[in-house]
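What follows is one structure encoded as structure tokens, with my remarks underneath.
Both backbone and side-chain heavy atoms feed into the values below; hydrogens, waters and symmetry mates do not.
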Amino acid sequence: MNPISIIVSYSNCMNTVNIYDALKQMRELTKIGAPFSFEYITFNSSKGYSEGTKKVAKALLRTGYSREQSDKSEILIGYTVEPETLPRWFYLPLLMKFNGMKVTP
């Protein structure tokens with residue numbers, strides 16, 4: 001699927017997208033090297049606090065933890081901010097927006 005068809009097919013959903021569909025689209029866009037934007041609520045589980053929301057203008061997913069490495073492997077999503085390559089993380093349940101669309105559970 002090319003980037004244009006991904007964007008067009010999902011932009012017709014009344015500006016909302018299911019959280020798992022958003023993750024699937026992120027993976028598809030990353031696969032073809034097309035950055036995406038998203039917004040999420042930050043959370044530091046080891047310190048137990050949030051710094052509010054974070055907006056990322058251009059991101060690509062990266063390899064995350066395996067089940068053997070972390071019990072949070074299903075919800076802790078790895079990404080990089082383009083053009084940097086610093087590893088960053090967000091919690092999938094705290095994803096609020098993807099490419100301008102509101103994310104729903």
Side-chain angles (χ1 to χ4, degrees):
M1 193 177 262
N2 69 47
I4 302 300
S5 65
I6 292 170
I7 293 165
V8 170
S9 67
Y10 291 109
S11 66
N12 294 329
C13 300
M14 304 198 331
N15 293 327
T16 63
V17 63
N18 173 276
I19 194 166
Y20 296 105
D21 290 335
L23 182 58
K24 180 181 177 185
Q25 291 172 55
M26 289 176 178
R27 289 179 175 148
E28 290 172 353
L29 289 167
T30 296
K31 192 178 199 179
I32 60 173
F36 53 85
S37 65
F38 70 107
E39 184 176 337
Y40 64 96
I41 300 170
T42 65
F43 182 67
N44 183 322
S45 62
S46 58
K47 295 182 180 179
Y49 75 92
S50 171
E51 293 179 349
T53 60
K54 179 167 180 113
K55 295 179 183 180
V56 181
K58 289 184 176 182
L60 292 174
L61 295 184
R62 64 183 189 84
T63 303
Y65 289 122
S66 69
R67 288 186 179 121
E68 291 78 33
Q69 292 174 305
S70 174
D71 59 343
K72 298 175 185 160
S73 65
E74 299 289 322
I75 61 168
L76 194 58
I77 308 299
Y79 73 96
T80 59
V81 177
E82 293 300 300
E84 300 173 23
T85 57
L86 289 170
R88 299 180 187 269
W89 302 94
F90 76 94
Y91 283 96
L92 184 60
L94 301 180
L95 181 62
M96 296 176 58
K97 290 187 178 179
F98 166 69
N99 276 347
M101 296 178 284
K102 180 181 176 181
V103 175
T104 60

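Rounded to the nearest 0.5 angstrom, Leu60 CG and Thr30 OG1 are separated by 4.5 Å. Note that NZ of Lys102 is 11.0 Å distant from CG of Asn15, once rounded to the nearest 0.5 Å. Considering CD1 of Ile19 and NZ of Lys24, their distance stands at 15.5 Å, rounded to 0.5 Å. Separating the CG atom in Leu76 from the CZ atom in Phe43 is a distance of 11.5 Å, to the nearest 0.5 Å. Within the model, atoms CD1 of Ile77 and CG of Leu94 stand 11.0 Å from one another, a figure rounded to the nearest 0.5 Å. The line from OG1 of Thr104 to CG of Asp21 is 8.0 Å long, rounded to the nearest 0.5 Å.
At a cut-off of 3.5 Å, with distance as the only test, no side-chain donor of Asn44 or Thr42 sits close to an acceptor on the other residue.
Following chains of ILVMFWY side-chain contacts shorter than 4.5 Å, one cannot reach Ile41 starting from Phe98, and the two form parts of different hydrophobic clusters. Cluster membership for Tyr79 and Tyr20, using ILVMFWY side-chain heavy atoms within less than 4.5 angstrom, is shared. Met96 and Met101 end up in different hydrophobic clusters when Ile, Leu, Val, Met, Phe, Trp and Tyr side chains are linked at under 4.5 Å. When hydrophobic clusters are built by joining Ile, Leu, Val, Met, Phe, Trp and Tyr residues whose side-chain heavy atoms come closer than 4.5 Å, directly or via intermediates, Leu61 is not grouped with Tyr91.
Every residue two or more places apart in sequence or in another chain that forms a ring pair (Phe, Tyr, Trp, His ring centres under 6.0 Å) with Tyr65 is listed here: Trp89. Every residue meeting the side-chain hydrogen bond (donor to acceptor under 3.5 Å, both in side chains) condition with Ser37, not counting sequence neighbours, appears here in chain and number order: Asn99. Residues that satisfy the salt bridge (Lys or Arg N to Asp or Glu O under 4.0 Å) test with Glu82, not counting sequence neighbours, are absent from this structure.
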Does the side-chain contact (heavy atoms from CB on, under 4.5 Å) test come out yes or no for Lys72 and Ile75, once each step is laid out? CA-CA 6 Å; Lys72 298 175 185 160; Ile75 61 168; 4.3 Å; yes
Walk me through it: do Val103 and Tyr40 pass the test side-chain contact (heavy atoms from CB on, under 4.5 Å)? CA-CA 10 Å; Val103 175; Tyr40 64 96; over 6 Å; no
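Ser50 approaches Gly52 most closely through the heavy-atom pair OG-N, 3.0 Å. The two atoms that bring Lys58 and Pro35 nearest to each other are CB-CB, 4.0 Å, heavy atoms only.
Between Phe38 and Phe36, the ring planes are tilted. Angles from 30° to 60° get that label.
The local environment of CD in Glu84 is crowded, with over 12 non-hydrogen atoms from other residues, nucleotides or ligands closer than 6.0 Å.
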